[in-house]
Amino acid sequence: MMETKGLRTEEFMVNMGPQHPSTHGVCKLVLKMDGELVKEIQPHVGYLHRSIEKIAENRTYAQIVPFTDRIDYCASMNSNHAYVEAVERMAEVEVPERAQYLRVIMAELNRIASHLLWLATFTIDLGAVTPFLYAFREREEIMDMFEMTCGQRLTYNYMKIGGVNWDIPKEFVPKAKQFLKILPGKVDEYEDLLTNNPILLYRTKGIGVLSSEKAIEYSASGPSIRASGVRWDIRKAEPYAVYDKFDFNIPVRYNGDVWDRYKIRLDEMRESAKIVEQAIDGLPEGDIAKKVPMTWKPKEGEVFCRIEAPRGEMAYHIISDGTNKPYRVKIRTGSFCNLQLLPAIATNHLIADLVAIFGSLDIVLPEVDR
Amino acid sequence: MDSESLLNHINELHKDIIINSELITDVPTIEVKPEHWVEVCSSLKKDVKTNLHSISNYGAVDYREKLGGFQLVLTIFSHKHKHRVTVKTLVPAQGDEEPEIDTVTTVWLSADWFEREIIELFGVKFKGHPDPRHLMLDDDWDEGFPLRRGWTGTDFIVKPEM
Amino acid sequence: MELPIFYILAAIIIVSALFVVTLRNIFHSALMLILCFFGVAGLYVTLHADFLAAVQVLIYVGAVTILMIFAVMLTQQLTGRKIQQLNDQPLPAALIILSLLILLIVSITRTGFEIADNLEPMPTVGTIGKAFMTTYVLPFEIVSVVLLVALIGAIVIARRE
Amino acid sequence: MLELDPIFDAISEWLASFLPPVVVTIVKGFGTAGVVLGVLSLFVLFFIWMERKVSAHMQQRLGPMRTGWHGALQTVADAVKLIQKEDLVPSDADRAVYFWAPVVCFAAALMAYLVIPFGEGLIVQDLNIGILYVIAITTFTVVSLLMAGWGSNNKWALLGGMRSAAQIVSYEVPLSMSLIGTIMIAESLSMITIVESQSGPFWNWFVFRQPIGFIVYFIAATAEANRTPFDIPEAEQELVAGFNVEYSGMKFAMFFLAEFINMFTISALAVTLFFGGWMAPFPFLDFIPSWIWFLAKAFTSVFVLMWFRWTYPRIRVDQLMGFAWKFLLPLAFLNIILTGIGIYIF
């Protein structure tokens, strides 16, 4: 054979990020490239590390809630929910049923909003700009509903220990019903635009395959693991709040490629809409919060509580030493584990595929760094 | 299998090793000595009845004042049986010491980043960790371990010279 | 009008050709080669060989030099390195060049160039096409096959494994 | 009538009345170049505004609304901003190459207009190798993109430059092949002759005789102009902005201008070769000046290109190459064979 070693193409290192349009926040991927082919990926995170775990050690339990908003700014309601649920479970606080329903409504609406935001950024990653604004149009409706309820559009601070901070205004229910009526049609619209678009199929089918074994090995969670054929949803497996009262499905897909991860989120939006509809119909009257004193001290002990956030399992491990401040708070987030498996599924793909895979995992960097 | 029988099963499995076992908010929790850490973990993963193949949470707690060391808290769960177990161990340490313990990345691949975070934020070293670089902090960070109790932070604000 | 244009083009060709061999950065040399080819295309235009001029640009600028630049960019040894112009055999090279120069001068001076006055520019495309398909059909097809073989050969060599 | 051709003739006659012929040639050359440049700049200003408005309305928003009527002056404001902007050169850039890349790009885009007929008689120079000339001259775009990629001394720019070169060189082949059918029917490479052989009602246009050729041409041309779904050289999600990532100010503006001029070039070529150029669809509509017909058709084509851009996701680079070589090229060859058979029969 001819000696071709001298003509080899040059492998070179590229820094993708920290400021790069497709890293969705501030993340650096150090890539070793052979032409367009990505040979090695090393994620560098920590650019958004605010040490919320450390801050929490110096705040009272009630003061921590606003910080949880900032862990996953795309799904603040779910972060709130995970934290208050953990504290209540540790201190055995009974939450009024109306508050539980309101929490579920808000958490599921936020899940829809979060998936819409994901859809928007994912299509941009694939180079289609128009669906971005379509998804934002619907997200805007949800933001309006949140603003109507708690005056905020991004960091809500809606839930508190023992209940929720504000009751919904009377315009909320008709607006939500109107929204739920149009949402399935809008999701169909996205599917019309994207699902069977040949270019999208080319770009996503069979790309970045995450097998179910690999998904379990890397502790993936959320839509990413459900797209790999593992039926795992904490809302069903370990029901918290009042999720056991609602009738909904867990969509599961079996190929684990980018297309499956795309499709599963669209399906989840429909399921979440079902939950919200049932919750609004069955919304009981009553108190929205149980009175919990300002200088409240839980007894000594610890709790590990997890919920299903839009990006996977979000868990709080809280240790109390009997004072009004927690001794230690450890936050486990879905993106943290999902980002960890990126090198395993994206190496030896083209750089365009890397962007698609990164987008399909739905990683929010503040959630990784905390 | 409900939590109680699961706890009994685990106790049975590691009769002499487990120091302490209890149910915390319905989660079976066991504590082992650091020298049995990897052994217990890998047997919990391999045992057919437990089959705990995924990590749910993995963190450290600074108990130097209370118990004389750092406690590693590892919550693992099984997609197959839909149950979870917490395993704890105490790595003895005093003062500014940086204690060492075997890594569990050999058991679960996903322990990698969790351990890297513990290395830089708590100063607990893991023997045999494949990539013990800093994860969150700068590579040349040398101002202590931020999540240790009593770490006061550094003076980031540079005051103007008068 | 044509004479000054010819001198301008000739100057471009000669200067850029000189730069091709003297510049130490091989990427710059390749760019100068493009300029040189472009100048040659200009000469063709002044000679009313419009088809040839377009093909000169299309093939030499659009394909050959681009491929050369590609090779430069993708090859490990060439990027960013200064190229040495002198090697250890300047004398034999000079001799060969000198003999070639003499040959060229002799053949140019001995040829009697006929100058056609006031020839109307004619479209050359049709004539060339007819010549390819009638008189020169065999050489044309043979060259095509040779090129195809070269193409396949290049692919076979470039494929790893 | 509103035909523009006589005006230009009158101007050149007036010039010839008091100037020596050599000077007239030079003045005419520069004058025409200036007119073409001015007209194109106006078009580009309009296209940028149009692109914004088209994309905005496709995305259910309004787009620029504040500067002028419906934001009509927004592009002017942007142009002023770009001119004022500081011209940054990366410290490790290859300065000469970095400087010349936008110039070559812009010049290549402009030179194609030598042979594009804007209307009856409104052509700068009717070369008898018209189509070949356009194809040849646009290859300089590749050179400029490679220069930009190399000169910036930035890995993303280099990747973008190499991508674009590979893409344009590949798509050049089906593009050229798709036009051969048209040339075979018209029996000429000259733009004027091609348009004139499509005279008569609209079913004489070549698009009805060369549907495959037109489709291949339009797809390949979209790729040549780096428009979505083939905009991988500057795919901002993958390569930040590709070859022009380091450019700012006027140099960036020149790349931008060239991109829009190229878009108009492919539209103008499509109109000339497949949609009867300046011809009216029905002979009785001839009272409308020819340049209005030409521009109307070309602008429609530009709109279609924008429509593509705001609808499709981006295709991947290897799929793009496969598409050119495995699908478009065989299709173009098939078209040539079919055209040959057609000519033989009729």
Please state whether the side chain, the backbone, both or neither of [X] comes within less than 4.5 Å of a heavy atom of chain B.
{"X": "Ile225(A)", "value": "side chain"}
{"X": "Val45(A)", "value": "both"}
{"X": "Ile319(A)", "value": "side chain"}
{"X": "Gln42(A)", "value": "side chain"}

What is the minimum heavy-atom distance between [X] and [Y], and which atoms define it?
{"X": "Ser110(B)", "Y": "Ser219(A)", "result": "OG-OG, 2.7 Å"}
{"X": "His49(A)", "Y": "Leu137(B)", "result": "CD2-CD2, 4.4 Å"}
{"X": "Glu217(A)", "Y": "Leu109(B)", "result": "OE2-CD1, 3.2 Å"}
{"X": "Tyr327(A)", "Y": "Arg149(B)", "result": "O-NH1, 2.7 Å"}
{"X": "Leu147(B)", "Y": "Ser51(A)", "result": "CD2-OG, 4.4 Å"}

Side chains of [X] and [Y]: closer than 4.5 Å at any heavy-atom pair?
{"X": "His44(A)", "Y": "Arg133(B)", "answer": "yes"}
{"X": "Lys330(A)", "Y": "Asn57(B)", "answer": "yes"}
{"X": "Glu117(B)", "Y": "Arg370(A)", "answer": "yes"}
{"X": "Val73(B)", "Y": "Phe304(A)", "answer": "no"}
{"X": "Phe77(B)", "Y": "Glu238(A)", "answer": "no"}

Pick whichever of His317(A), Arg231(A), Arg306(A), Glu302(A) has the most heavy-atom pairs under 4.5 Å with chain B.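 Between His317(A), Arg231(A), Arg306(A), Glu302(A), the count favours Arg306(A).
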Taking every heavy-atom pair that is under 4.5 Å apart, which of Arg89(A), Glu57(A), Met90(A) has the most such pairs with chain B?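 Option with the top pair count is Glu57(A).
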Is chain A contacted by the side chain of [X], its backbone, both, or neither, given a heavy-atom distance below 4.5 Å?
{"X": "Asp112(B)", "value": "both"}
{"X": "Thr86(B)", "value": "neither"}
{"X": "Arg148(B)", "value": "backbone"}

Neighbour count above 12 (heavy atom, 6.0 Å) for Lys33(B) NZ: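 Atom NZ in Lys33(B) is not packed in, count stays at 12 or less.
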Can Cys337(A) and Phe114(B) be said to form a side chain to side chain contact (heavy atoms under 4.5 Å, CB included), step by step? CA-CA 9 Å; Cys337(A) 285; Phe114(B) 286 108; 3.6 Å; yes
For chain A, find its close neighbours in residues 119-127 of chain B: heavy-atom separation under 4.5 Å, sorted by number, or none.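 When heavy atoms of chain A are the reference, residues 119-127 of chain B contributes Leu121(B), Phe122(B) within the under-4.5 Å range.
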Chain A contacts: which residues in residues 58-72 of chain B have a non-hydrogen atom closer than 4.5 Å to it?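 Hits under 4.5 Å: Tyr58(B), Gly59(B), Ala60(B), Val61(B), Asp62(B), Tyr63(B), Lys66(B).
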Decide whether Ser56(B) and Glu313(A) meet the rule of one side-chain donor and one side-chain acceptor closer than 3.5 Å.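 Yes, side-chain donor-acceptor contact under 3.5 Å.
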For chain A, which candidate among Lys45(B), Met136(B), His134(B) shows the most heavy-atom pairs at distances under 4.5 Å?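 Of the candidates given, the most pairs with chain A belong to Met136(B).
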